[in-house]
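What follows is a set of notes on a single structure, which appears directly below.
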Amino acid sequence: MSLRLFDSNAGRGFRHATLADVPRAAGDSVVWLDATGATAAEIETIGGMYGFHPLAIEDVRKRQQRPKLDVYGSHMFMVLYALDPPDESQRQPTRELAMFITPGAILTFHRHDIEELDDAARRWAEHCLGKLPESVAMLAYTICDAIIDGYFSCLDQVGEQIEDLERAMFDRGDTETLEQVFRLKRQLLEIRRVVAPTRDVFNAFTRRELPAMGEASLAYFQDVFDHVIRTTDTIDAYRDILSSVIDVHLTLVSNQLNQTLRTLTVASIILMSLALIAGIYGMNF
């Protein structure tokens, strides 16, 4: 397990930590503890130190959870997903992030490296500390905003792939291009399955149902919620475009078939005319 600690009173970035540092993380400062590749036993140990709910700890151990926000009195448990640009491989285009929010600390658990977390740490160190209200709510906003901002760069690359497929469909229109369209459409469906429930997560922040987060962070989480809505709309638009690309392919195939039939019809008429003449002259002369 790789464990990193970001203490707002001790420094301006992550430092490597051990399990022995975890109990001291619950002080009067704003603390962020990030664990990568933690085993089930290590998750149980850290969860026990903070008194997390057993159901939340179980969700972290089992992974592959639906994006959600659970409130357990003294702490909240959130599941989000970072996105990877779809490619020709069959790997999963999403990376799961489990996050605990307590009055004095935030703990994040993930199996794979998530670059957006490094960006969030940089933003928290450079822009938030000393400028925005220094609270757990604002740190949670910074992490969530970095994750959601990564959606836009991912979808920008998807848009470029769609443009390439549109050109390839008219240039070649072969089966390989059609397979790429279906593969990209399936990957977009997988992305939408994790992005769509994320709207409900941030909608809970905007409805003032979480007084522990404070009024100061409400406008910031509203901005994140708007970004999620835009992302969902973009995914739906891209899926519609890919459906149109498939329709164009079918239309091109139909036109090619009609052209082939037209050519065969003309050739058949010419051959039938010659056969008719040969039949008449052959039978009578």
Under 3.5 Å, which donor-acceptor pairs link side chains of residues 36-47 to any protein atom two or more places apart or in another chain?
residue	atom	partner	partner atom	Å
Thr36	OG1	His110	NE2	3.4
Thr39	OG1	Glu42	N	3.3
Thr39	OG1	Glu42	OE1	3.3
Glu42	OE1	Thr39	N	2.9
Glu44	OE2	Arg61	NE	3.0
Thr45	OG1	Ala41	O	2.9

#### Entry: Student check: side-chain heavy atoms of Leu3 and Thr18 closer than 4.5 Å
no
### Message
Test of understanding: clusters of I, L, V, M, F, W, Y form through side-chain heavy atoms closer than 4.5 Å, transitively. Do Leu189 and Val158 belong to the same one?
### Response
no
### Query
CG/Leu97 to NE2/His112 distance, rounded to the nearest 0.5 angstrom?
12.0 Å
### Message
Is any side-chain heavy atom of Thr231 closer than 4.5 Å to one of Ile191?
### Response
no
### Query
Rounded to the nearest 0.5 Å, what separation is found between the CZ atom of Phe6 and the OG1 atom of Thr108?
12.0 Å
### Query
Got Phe100 and Val60 here, is their nearest side-chain heavy-atom distance under 4.5 Å?
yes
### Message
Name the residue from Phe202, Tyr220, Trp124 that meets the ring-ring contact (aromatic ring centres under 6.0 Å, His included) definition with Tyr141.
### Response
Tyr220
### Task
Look up atom CZ in Phe109 and atom CG in Leu33, then write down how far apart they are to the nearest 0.5 Å.
6.5 Å
### Query
Would a hydrophobic clustering, with Ile, Leu, Val, Met, Phe, Trp and Tyr connected at side-chain separations under 4.5 Å, put Ile106 with Met49?
yes
### Task
Go through the steps for Thr234 and Tyr151 under the test side-chain contact (heavy atoms from CB on, under 4.5 Å), then give the verdict.
CA-CA 10 Å; Thr234 302; Tyr151 291 3; over 6 Å; no
### Task
Calculate, to the nearest 0.5 Å, the distance between atoms CD1 and CE belonging to Ile147 and Met78 respectively.
11.0 Å
### Message
What I'd like to find out is whether the side chain of Phe52 reaches to under 4.5 Å of the side chain of Leu107, using heavy atoms alone.
### Response
yes
### Task
Could you check if a side-chain atom of Gln180 sits within less than 4.5 angstrom of a side-chain atom of Leu184, using non-hydrogen atoms only?
no
### Task
Mind listing the closest non-hydrogen atom pair of Ala204 and Leu69 along with its distance?
CB-CD2, 4.2 Å
### Query
Within a strict 4.5 Å, meaning less than it, do heavy atoms of the Lys185 and Leu188 side chains meet?
no
#### Entry: Closest non-hydrogen atom pair between Val136 and Gly104, with its separation
CG2-C, 3.7 Å
### Query
Can Arg192 and Asp236 be counted as an ion pair, charged N to O under 4.0 angstrom?
yes
Using atom types as modelled, flag every donor-acceptor pair under 3.5 Å from a side chain in residues 221-230 to any protein atom, sequence neighbours excluded.
residue	atom	partner	partner atom	Å
Gln222	NE2	Asp226	OD1	3.1

### Query
Would you say Arg95's side chain and Tyr81's backbone share a donor-acceptor pair under 3.5 angstrom?
no
### Query
Checking Gln65 side chain against Arg63 main chain: does a donor-acceptor pair fall under 3.5 Å?
yes
### Donor-acceptor contact below 3.5 Å, side chain Arg111 vs main chain Glu96
no
Run the side-chain donor-acceptor check on residues 70-77: report pairs under 3.5 Å with partners two or more places apart or on a different chain.
residue	atom	partner	partner atom	Å
Asp70	OD2	Lys68	NZ	3.4
His75	NE2	His53	N	3.1

### Query
Can you tell me how far the CG atom of Asp149 sits from the SG atom of Cys154, to the nearest 0.5 Å?
13.0 Å
### Shortest non-hydrogen separation from Ala82 to Glu116 and the atoms involved
CB-OE1, 4.1 Å
### Query
Hey, quick one: are Leu19 and Tyr50 part of the same hydrophobic cluster, counting side-chain heavy atoms closer than 4.5 Å, chains of contacts allowed?
yes
## Note on the structure
CG (Leu83) and CD (Gln187) are apart, to the nearest 0.5 Å, by 11.5 Å
### Query
Would you say Thr94 and Glu190 make side-chain contact, with heavy atoms under 4.5 Å?
no
### Query
Side-chain contact, heavy-atom cut-off 4.5 Å: Ile148 with Thr198?
yes
### Query
Of Ile241, Ile235, Leu242, which meets side chain to side chain contact (heavy atoms under 4.5 Å, CB included) against Arg239?
Ile235
### Task
Can you establish whether the number of heavy atoms outside Phe152 located under 6.0 Å from its atom CZ is more than 12?
yes
### Atom of Pro67, atom of Pro197 and distance for their closest heavy-atom approach
O-CB, 3.9 Å
